Amino acid sequence: MNVDPQLDALFKPKSIAVVGASRKPGKIGYEILRNLIEYGYKGKIYPVNPQAKEILGLKCYKSVKDVPDEIDMAVISIPAQIILDVVKDCGEKGIKALVVITSGFSEVGNVELEEKLVKTARSYGMRILGPNIFGIVYTPHDMNATFGPKDVIKGGIAFITQSGALGIALMGWTILEEIGLSAVVSMGNMADIDAIEVAEYLADDPNTKVITIYLEGLKPGKGREFIESMKKVTMKKPVIIVKSGRSERGAAAAASHTGSLAGSDLIYDVAMKQCGVLRALNIEEMFDWARALATQPLAKGNNTVIITNGGGAGVMATDAAVDYGVELLDPPQDLKEEFRKYMPWFGSAKNPVDLTGMATPDKYYEAVRAAFKHPAVHTITVLYCRTAVCDPMELAKMLIETRKEAINKGINKPISVAMIGGVDVYEAMKHLNRNGIPAYPIPERAVSAIAAIIKYSMYVKRGK
Ligand code: COA
């Protein structure tokens with residue numbers, strides 16, 4: 001992988017110009033500037049607008065060429081008709097990367113202008129993200145250069161999206177769901193930098209643990225490069241892709257949306273399997289897996305133990321384990337005996353381990369501790385149905401404690417949790433997520449997350 005160091009100017013610029021920074025709240029050029037300031041970007045920000053003296057308290061410049069300092073990156077939000085002159089100015093100024101928000105290029109058949117845009121930028125050695133994008137976020141540097149939601153939560157998941165509106169909407173959704181992101185990259189027309197190159201860059205980014213991609217299709221002829229590149233990226237960190245346009249009708253919709261050739265879905269499917277990319281069916285699944293992979297270690301094997309206080313939840317999780325190819329361990333005798341200590345006589349020490357509705361947080365604590373300790377167990381899924389004898393928050397705290405103790409003793413195994421119930425259960429789930437244990441509202445999602453970890457771990461093991 002030859003990652004262009006110029007991409008540092010996109011993710012970690014020391015200074016940013018907003019060309020087309022507007023004086024009017026609600027306009028794209030105003031909102032980008034506001035997000036940059038309010039999200040706390042520490043570098044220098046230079047609004048550029050020939051009509052304005054000052055915007056949001058910052059001195060405004062008529063052209064980037066009037067800015068007295070060096071500029072690493074320019075976010076461009078002016079109409080397509082006047083863009084080439086501005087790009088030339090950026091080139092003459094020595095700017096390294098352009099984030100081109102502007103629409104009206106190849107996505108509407110204006111291929112020639114897009115080619116001129118890239119050619120002009122290249123002639124000055126500049127790289128382009130876009131055009132037709134909502135911008136870029138890199139949370140480790142407090143940079144939100146988008147007109148999307150402001151308060152992106154920091155974390156280890158990078159999100160690359162070929163769809164603009166969906167990407168902006170999902171930024172909001174990740175805030176609601178408290179999913180921590182390292183980066184959000186809107187790809188748009190991919191006239192220059194494409195999703196492959198961004199993934200390669202993020203593969204070496206220490207702040208990114210998992211790369212997620214919403215993909216509609218690659219440019220023609222990019223298939224081989226995608227496979228070769230992803231093979232290398234997935235050996236460094238997990239990549240999860242939602243590839244839409246699976247059906248024939250969906251593929252036609254993708255073609256008219258981003259102009260990408262969706263290609264045969266089967267080809268994409270085979271390609272992704274070949275290079276260790278985890279293919280999620282939908283956005284929810286993608287972030288479910290990402291949350292787990294960002295916080296959990298690799299699994300040493302496929303032997304999973306399910307610990308529950310409800311038989312029904314256990315059965316559903318068992319079905320899901322079969323569906324996703326997760327092996328349910330038949331607990332060895334010593335482990336069964338250990339489990340039996342923490343359940344009434346009518347419980348079950350087989351897998352799923354049923355602590356019964358009488359289970360209290362301390363019984364869960366002991367059973368989960370035993371599972372962490374036993375070498376035959378590779379991964380753990382804990383299920384909880386709200387009962388009056390087991391307070392969900394207390395349980396969440398116990399689980400965090402058990403895991404911490406295990407890690408302190410040098411034992412780290414993937415764990416996922418499903419908590420079924422009302423408002424207090426939701427709060428407990430959030431507490432688990434905030435403390436590095438992926439928690440979900442139904443058993444199937446907790447098992448699916450463990451399955452993703454196992455699948456990725458086995459792929460890495462085979463590749464080494
Ligand atoms: N340099 C810098 N600023 C300039 C300029 C120049 N050469 N020429 C004009 N401007 C200023 C304008 O005066 C205006 O500021 P003001 O609001 O204070 O008057 C500002 O730049 C923006 O220009 P304007 O002509 O008002 O454009 P706009 O804001 O209506 O639209 C885009 C610009 C880029 C937002 C629009 O063309 C566009 O492409 N919209 C779609 C964006 C999109 O959806 N992207 C994909 C998302 S997924």
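First listed ligand is number 1; within each ligand, the first listed atom is number 1. The structure presented is a predicted model; accordingly, all values stated were derived computationally and were not measured. We number each residue from 1, following the sequence as shown.
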_Protein heavy-atom partner closest to atom 21 (O) of ligand 1 - residue, atom, separation in Å_ =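 For atom 21 (O) of ligand 1, the nearest protein heavy atom is G20 CA, 3.3 Å.
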_Numbered atoms of ligand 1 (with element) below 4.0 Å of K24, judged on heavy atoms_ =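 Numbered from 1, ligand 1 contributes 16 (P), 17 (O), 19 (O).
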*Should R224 and E228 be marked as a salt bridge (charged side-chain N to carboxylate O under 4.0 Å, His left out) after you check the CA-CA gap, both sets of side-chain angles, and the distance that decides it?*
CA-CA 6 Å; R224 187 125 307 276; E228 290 314 314; 3.8 Å; yes
*Please identify which atoms of ligand 1 are closer than 4.0 Å to at least one heavy atom of T102.*
34 (C), 39 (O)
*Please check atom 36 (C) of ligand 1 for a protein heavy-atom neighbour under 4.0 Å.*
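Within 4.0 Å: no protein heavy atom nearby.
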_Cationic N near anionic O, under 4.0 Å, K59 to E54_ =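 No.
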*Using heavy-atom distances, let me know which of S163, S103, P79, G188 sits nearest atom 23 (O) of ligand 1.*
P79
_Stepwise salt bridge (charged side-chain N to carboxylate O under 4.0 Å, His left out) test for K236 and D204_ = CA-CA 8 Å; K236 294 184 182 178; D204 291 326; 2.8 Å; yes
*Give yes if a backbone or side-chain nitrogen or oxygen of I101 is under 3.5 Å from a nitrogen or oxygen of ligand 1, and no if not.*
yes
*The one among I32, V86, V64 that brings a heavy atom closest to atom 7 (N) of ligand 1*: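 Answer by nearest heavy atom: V86.
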_Please list, in number order, the atoms of ligand 1 under 4.0 Å from a heavy atom of S77._
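This gives 22 (C), 33 (C), 34 (C), 35 (C) as the contact atoms.
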*N/O donor-acceptor pair under 3.5 Å between T208 side chain and A158 backbone*: no
_Looking at K430, I'd like to know if its NZ atom is crowded, meaning that more than 12 non-hydrogen atoms belonging to other residues, nucleotides or ligands lie closer than 6.0 Å._
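More than 12 within 6.0 Å, yes.
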*asked:* Pairs of nitrogen or oxygen atoms closer than 3.5 Å, one from K62 and one from ligand 1: do any exist?
replied: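 Checking ligand 1 against K62, no N or O pair falls under 3.5 Å apart.
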*Is there at least one pair of N or O atoms, one from S22 and one from ligand 1, spaced under 3.5 Å apart?*
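The answer is yes, given that S22 and ligand 1 share an N or O pair closer than 3.5 Å.
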*Nearest to atom 15 (O) of ligand 1, what protein heavy atom do you find, and at what distance?*
N49 ND2, 3.0 Å
*Kindly identify the option in I78, D85, I28 whose heavy atom sits closest to atom 10 (N) of ligand 1.*
I78
*atom 6 (C) of ligand 1: which protein heavy atom is closest, and how many Å away?*
P50 CD, 3.8 Å
*What is the ring orientation for F11 with Y201, classed by angle as parallel under 30°, tilted 30 to 60°, or perpendicular over 60°?*
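Ring orientation, 0 to 90° scale: parallel.
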*Does CD belonging to E38 count more than 12 external heavy atoms closer than 6.0 Å?*
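For E38, atom CD is crowded (more than 12 foreign heavy atoms under 6.0 Å).
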*Numbered atoms of ligand 1 (with element) below 4.0 Å of V19, judged on heavy atoms*: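 The atoms of ligand 1 under 4.0 Å from a heavy atom of V19 are 1 (N), 2 (C).
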*asked:* Taking 4.0 angstrom as the limit and counting only heavy atoms of I82, give me the atoms of ligand 1 inside it, by number and element.
replied: 8 (N)
*If you draw the axis of the six-membered ring of Y268, does the NZ or CZ of K243 fall within 45° of it and under 6.0 Å from the ring centre?*
yes
*asked:* For a quick check under 3.5 Å, do T381 and S416 share a side-chain donor-acceptor pair by atom type?
replied: yes
*asked:* Tell me the nearest of E31, M187, Q51, K27 to atom 30 (O) of ligand 1, using heavy-atom distances.
replied: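 Nearest heavy atom to atom 30 (O) of ligand 1 lies in K27.
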*Identify whether the distance between the nearest side-chain nitrogen and carboxylate oxygen of D72 and K12 falls below 4.0 Å.*
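Salt bridge flag = no for K12 with D72.
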_Under a 4.0 angstrom heavy-atom cut-off, which atoms of ligand 1 come close to F147?_
47 (C)
*asked:* Please confirm whether the ring centroid of F159 lies under 6.0 Å from the ring centroid of F287.
replied: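 Yes, they do, as the ring centres are separated by less than 6.0 Å.
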*Has K44 got more than 12 heavy atoms of other residues, nucleotides or ligands less than 6.0 Å from its NZ?*
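No, not enclosed.
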*Decide whether an N or O pair under 3.5 Å exists between R23 and ligand 1.*
yes
_For atom 48 (S) of ligand 1, what's the nearest protein heavy-atom neighbour? Residue, atom name and distance, please._
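Heavy-atom neighbour on the protein nearest atom 48 (S) of ligand 1: G164 CA, 3.3 Å.
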